[in-house]
Amino acid sequence: MNGPLTILGIESSCDDTGAAILRHVPGARPEILSNVVSGQTALHADFGGVVPEIAARAHVEKLDPCTAEALGRAGVTLDGIDGIAVTAGPGLIGGVMAGVMFAKGLAAARGLPLIGVNHLAGHALTPRLTGDVAFPYLMLLVSGGHCQFLRVDGPDDFVRLGGTIDDAPGEAFDKVAQALALPQPGGPNVEICARDGTDRIALPRPLMDREGCDMSFSGLKTAVLRARDAALVDGALPRAARADICASFQAAMAEILARKSRRAIAQAGPVTTLAVAGGVAANVAIRAAIEDVAREAGIGFDAPPLALCTDNAAMIAWAGIERFRLGHRDGMDLAARPRWPLDAGATPMLGSGRKGAKA
Ligand code: KG4
Ligand code: ZN
């Protein structure tokens with residue numbers, strides 16, 4: 001299909017309900033006509049993590065109004081839609097099922113094509129939605145639920161080069177914030193606190209001696225707990241010590257991600273660009289460290305705007321358009337998959353993050 005396309009994207013794999021409308025004319029930049037995201041942070045706040053049943057119920061309630069709002073903001077009706085792209089995994093199964101059933105219902109009622117999209121492919125293809133990034137490129141996904149290096153060879157062609165064997169980096173930021181009595185989400189608060197400190201505390205850089213670009217962050221988190229306990233004065237943590245711990249933790253994170261990015265580039269073979277996405281890519285020190293690695297390697301650097309780095313439906317609509325143009329269509333038998341590795345040939349990773357399976 002080579003003509004203009006207007007696609008509705010649906011996202012519900014974790015704790016954000018998303019609906020977006022994208023228009024794409026071949027040869028031109030894709031246009032995001034609307035991108036509605038309804039988060040559930042407040043619903044899960046009392047539980048210290050995302051509660052799958054609460055998330056699924058909230059998606060069921062929000063999918064309809066979010067879609068109506070996306071259509072309204074885009075100024076189109078369902079008559080103007082050429083197809084529906086929906087996240088079919090990986091993620092929390094109740095939420096993924098809610099989205100897939102909603103999309104199937106709409107597709108059946110309106111006689112529209114249905115395209116199942118891998119949520120991670122949505123993240124990984126975002127640099128092509130927001131910029132002119134050519135295949136093959138290297139993608140580092142770093143969020144509260146994801147952490148992996150992917151070589152992106154095409155819309156349906158991914159090679160996983162490595163990833164975390166335990167926590168995701170955002171999860172580590174959030175746990176460190178909790179340990180230091182900083183508010184959630186932890187990442188931005190640790191970053192602010194780190195500005196007043198110096199990186200003087202020696203913290204481990206796990207898995208540096210291991211070949212390849214797998215990463216581990218749980219030992220780093222434990223070392224932060226030890227540093228905190230050692231710095232207590234009469235049971236309280238002095239402000240300066242807290243700032244130094246934050247600065248040291250952030251420096252360790254930046255160094256681990258930068259060194260592993262260097263390895264990933266070496267392992268990937270020729271790539272046009274090193275792209276980074278996910279909430280942790282908002283961290284200025286981490287982003288700068290990764291940008292330096294790309295510059296050293298003589299390749300491009302790309303970091304999509306934050307609203308498109310974190311979970312959203314515009315990235316799902318875009319991945320849907322890329323797959324649709326390759327001729328991909330799904331039927332009413334499209335399955336919701338809690339686990340769905342992008343690279344079927346890669347060894348499955350251990351662990352499952354705060355926000356669900358790491359695939
Ligand atoms: O991509 P995202 O919004 O959601 C998913 O995990 O799917 O990422 C959220 C994560 C949280 O763990 C948050 O603490 C982290 O990204 N984060 C940051 C920063 N901003 C958000 N981590 C470090 N520095 C930041 N400035
Ligand atoms: Zn995500």
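We count ligands from 1, going down the list as the structure has it; atoms in each ligand are counted the same way. All residue numbers refer to positions in the sequence shown, counting from 1.
- Counting the atoms of ligand 1 from 1 in the order shown, those under 4.0 Å from a heavy atom of G144 are 5 (C), 6 (O), 8 (O), 9 (C), 10 (C), 12 (O).
- In terms of N/O distances under 3.5 Å, ligand 1 is approached by G279.
- Formation of a donor-acceptor pair under 3.5 Å by the S12 side chain with backbone atoms of G95 is found in this model.
- Ion pairing of R57 with E53 is absent here, as no side-chain N (NZ or NE/NH1/NH2) approaches a carboxylate O to less than 4.0 Å.
- Cation-pi geometry between R128 and F135 is met: the NZ or CZ atom falls under 6.0 Å from the ring centre, inside 45° of the normal.
- Less than 4.0 angstrom separates some heavy atom of G145 from each of these atoms of ligand 1: 6 (O).
- D311 contributes atom OD1 as its closest N/O/S atom to the Zn ion (ligand 2).
- For R329 and F324, the positive end sits near the middle of the six-membered ring, less than 6.0 Å away and at most 45° from its axis.
- Here's the thing with G278: none of its N/O atoms is less than 3.5 angstrom from an N/O atom of ligand 1.
- Residue P185 places no N or O, backbone or side chain, under 3.5 Å from any N or O of ligand 1.
- Of all the N, O or S atoms in H119, the one closest to the Zn ion (ligand 2) is NE2.
- Side-chain atoms of K104 do not come within 3.5 Å of backbone N or O of L114 as any donor-acceptor pair.
- Closest N/O/S atom of H146 to the Zn ion (ligand 2): NE2.
- Checked against a 3.5 angstrom limit, the closest N/O atoms of T310 and ligand 1 fall outside it.
- Centroid-to-centroid, the aromatic rings of W340 and H119 stay 6.0 Å apart or farther.
- Between H146 and ligand 1, a contact under 3.5 Å exists for no N or O pair.
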